[in-house]
Protein chains: 4
Amino acid sequence: MIISMRLGATKEQVDHVCQRIEDFGYKVHSIRGEERVVIAALGIGDVTHCLESLQAAPGVESAVAISAPYKLVSRQFQRERSRVQVDGAVFGGDEFVVIAGPCSVESEKQLLTTATAVAKAGAKMLRGGAFKPRTSPYDFQGLEAEGLKLLKKAREETGLAVITEVMSNGDVGLVAEYADMLQIGARNMQNYALLKALGKAGKPVMLKRGLSSTIKELLLSAEYVVSHGNPHVILCERGIRTFETATRNTFDIGAVPVLRELTHLPVVLDPAHATGKSSLIPPLARASVAVGADGLMVEVHPCPEEAYSDGAQSLTIEAFQKMMKDLRPYLELWKESRSLAVAV
Amino acid sequence: MIISMRLGATKEQVDHVCQRIEDFGYKVHSIRGEERVVIAALGIGDVTHCLESLQAAPGVESAVAISAPYKLVSRQFQRERSRVQVDGAVFGGDEFVVIAGPCSVESEKQLLTTATAVAKAGAKMLRGGAFKPRTSPYDFQGLEAEGLKLLKKAREETGLAVITEVMSNGDVGLVAEYADMLQIGARNMQNYALLKALGKAGKPVMLKRGLSSTIKELLLSAEYVVSHGNPHVILCERGIRTFETATRNTFDIGAVPVLRELTHLPVVLDPAHATGKSSLIPPLARASVAVGADGLMVEVHPCPEEAYSDGAQSLTIEAFQKMMKDLRPYLELWKESRSLAVAV
Amino acid sequence: MIISMRLGATKEQVDHVCQRIEDFGYKVHSIRGEERVVIAALGIGDVTHCLESLQAAPGVESAVAISAPYKLVSRQFQRERSRVQVDGAVFGGDEFVVIAGPCSVESEKQLLTTATAVAKAGAKMLRGGAFKPRTSPYDFQGLEAEGLKLLKKAREETGLAVITEVMSNGDVGLVAEYADMLQIGARNMQNYALLKALGKAGKPVMLKRGLSSTIKELLLSAEYVVSHGNPHVILCERGIRTFETATRNTFDIGAVPVLRELTHLPVVLDPAHATGKSSLIPPLARASVAVGADGLMVEVHPCPEEAYSDGAQSLTIEAFQKMMKDLRPYLELWKESRSLAVAV
Amino acid sequence: MIISMRLGATKEQVDHVCQRIEDFGYKVHSIRGEERVVIAALGIGDVTHCLESLQAAPGVESAVAISAPYKLVSRQFQRERSRVQVDGAVFGGDEFVVIAGPCSVESEKQLLTTATAVAKAGAKMLRGGAFKPRTSPYDFQGLEAEGLKLLKKAREETGLAVITEVMSNGDVGLVAEYADMLQIGARNMQNYALLKALGKAGKPVMLKRGLSSTIKELLLSAEYVVSHGNPHVILCERGIRTFETATRNTFDIGAVPVLRELTHLPVVLDPAHATGKSSLIPPLARASVAVGADGLMVEVHPCPEEAYSDGAQSLTIEAFQKMMKDLRPYLELWKESRSLAVAV
């Protein structure tokens, strides 16, 4: 923690800050520069409370932490990369996992048609929303429990592991009964009651980055899940909100190498929600493999214009097949680089 | 709904879109320009599903709605402004309501000292968090039920109505027992399970705008609460996330006149969360009155540097008293303009 | 300057960084924490080059400056507020200066009608663009030299001082012949060739904040003008670019108290460009006075829908007159608070 | 152009708008919906002025253009992709062009060492700044004319074509004498005096996207250059400004497929300025190839920590060599897909 005093801060103010730091259990290291006094607080442990307190102390210009506020998800804490396993797929290992399926579960026929096709084309997991977070109360809200049952059926028929969203801590138990992996949507990334409940869910979790969440906040939300008992977390970048309107959101592909430096958790990319437009997905899928992500999530629908939600960003089955074919040589390069990689 | 076809869209594609529009129950109005075909879909009702479907149809360049997707909260639906009443305060009427109190309820002494002081200085409502949404799992998470009891005690001693945050649909019943108004925090603005539960809460709701939520999304979230049975909603602008780092967020004061054109719901401002710095609050409080908001929420703490949270943006009791004194002539101008105002 | 070494940085890396700091002429102060080494570099002077160098040195996690990189415009350099004077108006003193006029100079009649009306209603300066920065090459680009002559004529007839935009360093001499104050538009805030030329212009300058410029960058651009010889600079906040689309930009009114803490330069607000919609301007003008800005710039046109540019955000003459009348009691409060203010 | 009237707009207002549209030379097509009147204006040509006028007309809710406001750079205007040729490299054809070199030209030795090395490793063009746009007036501003001479010398010795930035319309002639391609920096993307001068420069132009410029604005700035006489323009995405602080900017890789749909101009990517951190560049370079860009620009310095600018984002010569080697199989896939591509 580094505390910069204002120009002209009095000796009393400096002494008071030093005293506060010691009261919090840290060692004080005060530096008198030519312009101002800067104070370092040394020690291990969570500094947030001390930091906020000092920011409110008289004479303080700024107080900033040096160490990351997350520990369990940090590569400083665990150097080797985590592997998160579901039935039939491992994230963070030596395979690039493709998750595909419709935005919403709409009917048995729609789901099974899609599941069968994406399995055949090389997807390892099936996605499909049973509980749908919709901006408008008048939009389709999902088939709920009925949708979960259809997902289970699709898993039985195709062997694909299933991921689906859970929107409320009260539903975690129910969804965990049916799904192999629980998805936390972007709007719920900081729903702390839900994150705590996931700590006890007994199933792996995919945490999607909030629309305007920093990478640090994403990692702190993952820290909630891990610190409440569940280390099986994968992260998903799905576009952030910016001023640009040509795409629905801005696909922050740079988050992948940043996250690989900061955390041992696997990272997957979702170019469909990032851009909102199906024609942009194949080139961004290639980029997702090349940048070194651990997996990819896309939306596929037998007839996008009949989709109950997100039709404009859903691939047709044919488009998905073509994309998977085109990805093949990139996936081979991906495998090679993974097998060469020593932990960096 | 206006659908622009791509340049070079075929007759079959145009016909298909027209057919789809009619299938959804709208009237088609097709316009053949010199460059492209534009199609208008006419009719009343919810267009979202039709819109999303058309965006995925072949040959479509874009499909946009003309009417607002919210109805109940719109001034088109209800011209006269809503008044939201709690014990001792009315939002949206002829008084400017000041809500003050600590960020977190920390102890009986802290809360009662603050409550007594802010009541004396002119606040009409007491704020104080019992359930705290914190970015880090290691930060203080609130006194929870114990905090609610202290808030009740403070109300009994001061007569101030109480507002406090509820973070999970499972807690709505508990919090509603103690609070006069339920606060939905910025991070939960799109927690739809929670919004639906608030529809049945039987208590007025303050809905805070999400950090990166548009005004349209804020109104759609309010529409969730109202359409689920609770018309007693006030909106709160508390800063949006931008690239600027000189303040914690950017205070979007322009949202007030925009919202007054779009909705009949009352609007209050929270310059403390918007800026994160107590010295900036008094000038922004003056601006909040002058711009025509319905109220103001600020954080007050007997000793900000000992606060468990948000110390840097908390006013001391003295600073709050001074601010309230300075606001007086502005509040008189506010009253005058309200009494002159005919519904615009 | 505070340099944080990575966890596990070697002794050689730490020694190398210390050596580099000394080579740049600063004193080294190294602190060995329990987790990592943090190094403070002490001394006066410009640290940017040293900082960038250290950021590229092996083993360095981050290097941040403690002191502001601008000096001449900082309140640390000059405590008392600057007054910037043009013929008939003083910014930063005891009057709130209203600047009004059309977006573009279009014709003698349009300009003189507007100028006469705004002068009568209380404006102290006339604005009007002769050189127009337009996003599209096909939009009206301004009357150029002819427009400057009309501005001069309007000044002679009304006594209003004139402000107009200069877009290129090659035009500074020409524009300075006609204008009392030179305006630098948002898109040119970091046109350094232009900023340097303004240092020699011999006329006061209004520097508008770039659409996505931080407050720090705005002050650094002002520093360019001042350090090249021209201390007569006023700053203008005119909206920043964010994700919100309900207004053209987001009006960052919080920049006013922030700038009053950081700089001695006067600050004016431009709610017209910030919002793009004339109906929002009167409430935001009241807020601009209340927040303590030094002035206000608005666009006025005799017939907004016939304006060559920015019609949607231009006030009619009647709307401007009404706004000025409504501002009166707020301006009185403003004067009172200024006369009470001791330098803060 | 689609004009939506407000709910309750009067017949006079509708008639007035229709009359205005006809006065501007467009055909009127009025549609009376159940809620409101919507008016389509049909015709070819530039609609901006008409659009702005209508936005200011009484009773108008919104007025939006359907067609893109740029023509010459649009794929609607020219279906086949443009090729932009400099001595030794072609953008937009069947080779992926790598541009490399130091941020600033610092000395003959620094430049020649770098140029020789990057040529050998496979770069086709040399970058190096002689005129430097720097946020602070106290930072290194470039060697100017002396730097241009060194670039010429480097070209003679290595055969690499040279690209360098021009910051002011007054310098276009001078820089064009020495450079094979003129670079317009992000801060000058809307410096219209400069863009117009480039129309006459007689040399190809690389236009970098502004930090907060939309893709539409980028294309309109390109339209300035092309409409003033110079069709040899390539576009460069180099990161946009967002709330995220983990990287200097956010690398908007999705802009590549978007631009390939909208324009025939070549697109290159600059992951160095986008992220500000050299360790992130190799994975993002791979992604840049995979996404289908036409080229890549990176910064290389013999000793990044001694660089006068941008050291933290500069690759060492060794890192550049390794990156080029790792890119090879991706470049082969790129070539294959280009040779397969029929115009899409």
Side-chain angles (χ1 to χ4, degrees), chain A residues 1-9 21 25-47 60-69 71 74-79 210-213 216 239-250 261-262 344, chain C residues 1-9 21 25-47 60-69 71 74-79 210-213 216 239-250 261-262 344:
Chain A
M1 219 169 359
I2 302 289
I3 297 93
S4 307
M5 303 300 294
R6 288 177 196 272
L7 290 197
I21 292 170
Y26 301 102
K27 278 188 220 152
V28 168
H29 202 107
S30 161
I31 306 161
R32 196 160 301 270
E34 311 219 2
E35 279 195 345
R36 71 179 78 219
V37 175
V38 173
I39 303 166
L42 306 178
I44 293 183
D46 176 34
V47 301
V60 169
E61 172 94 14
S62 70
V64 292
I66 297 292
S67 298
K71 298 288 172 198
S74 167
R75 285 200 76 196
Q76 295 177 5
F77 177 84
Q78 177 189 315
R79 196 75 198 139
L211 264 80
S212 68
S213 296
K216 184 175 153 188
I240 57 173
R241 184 159 271 186
T242 71
F243 61 83
E244 178 59 71
T245 55
T247 43
R248 182 142 59 140
N249 298 290
T250 295
E261 293 187 358
L262 296 176
V344 180
Chain C
M1 219 170 356
I2 302 289
I3 297 94
S4 307
M5 301 301 293
R6 288 179 196 272
L7 290 198
I21 293 170
Y26 301 102
K27 278 188 221 151
V28 168
H29 202 108
S30 160
I31 307 160
R32 196 161 301 270
E34 311 220 1
E35 281 195 343
R36 72 179 77 220
V37 175
V38 174
I39 303 167
L42 306 178
I44 292 183
D46 176 34
V47 300
V60 169
E61 172 95 13
S62 69
V64 292
I66 297 293
S67 298
K71 297 288 170 196
S74 166
R75 286 200 74 195
Q76 294 177 8
F77 177 85
Q78 178 191 315
R79 196 78 199 135
L211 264 80
S212 68
S213 296
K216 185 175 153 189
I240 57 173
R241 184 159 272 186
T242 72
F243 61 84
E244 177 61 69
T245 55
T247 43
R248 180 142 59 141
N249 297 291
T250 295
E261 293 187 357
L262 297 177
V344 180

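Side chains included, hydrogens not; waters and symmetry mates left out as well; all remaining heavy atoms used. So that the names make sense, note that chain A is the first sequence line, chain B the second, and so on, each numbered from 1. As the structure is a prediction and not an experimental result, all values here were calculated from the model.
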task: Please test A:Val64 against C:Val64 for side chain to side chain contact (heavy atoms under 4.5 Å, CB included), starting from the C-alpha separation and ending with a verdict.
output: CA-CA 11 Å; A:Val64 292; C:Val64 292; 6.0 Å; no
task: Mind ranking A:Val38, A:Leu7, A:Ile31, A:Thr245 by heavy-atom pairs under 4.5 Å with chain C and telling me who comes out on top?
output: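 Among the listed options, the one with the most contacts to chain C is A:Ile31.
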For chain A, the option from C:Glu61, C:Gln76, C:Arg6 that forms the most heavy-atom pairs under 4.5 Å: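 Looking at each of C:Glu61, C:Gln76, C:Arg6 in turn, C:Gln76 comes out on top.
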field: Proximity breakdown for A:Arg36 and chain C, heavy-atom pairs closer than 4.5 Å
entry: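 Answer is side chain: those atoms of A:Arg36 sit under 4.5 Å from chain C.
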- prompt: Heavy-atom distance under 4.5 Å to chain C: side chain of A:Thr242, backbone, both or neither?
  reply: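 For A:Thr242, backbone heavy atoms alone lie under 4.5 Å from chain C.
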message: Rounded to the nearest 0.5 Å, what separates atom NE2 in A:His29 from atom CZ in C:Arg32?
response: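 Going from the NE2 atom of A:His29 to the CZ atom of C:Arg32 covers 11.0 Å.
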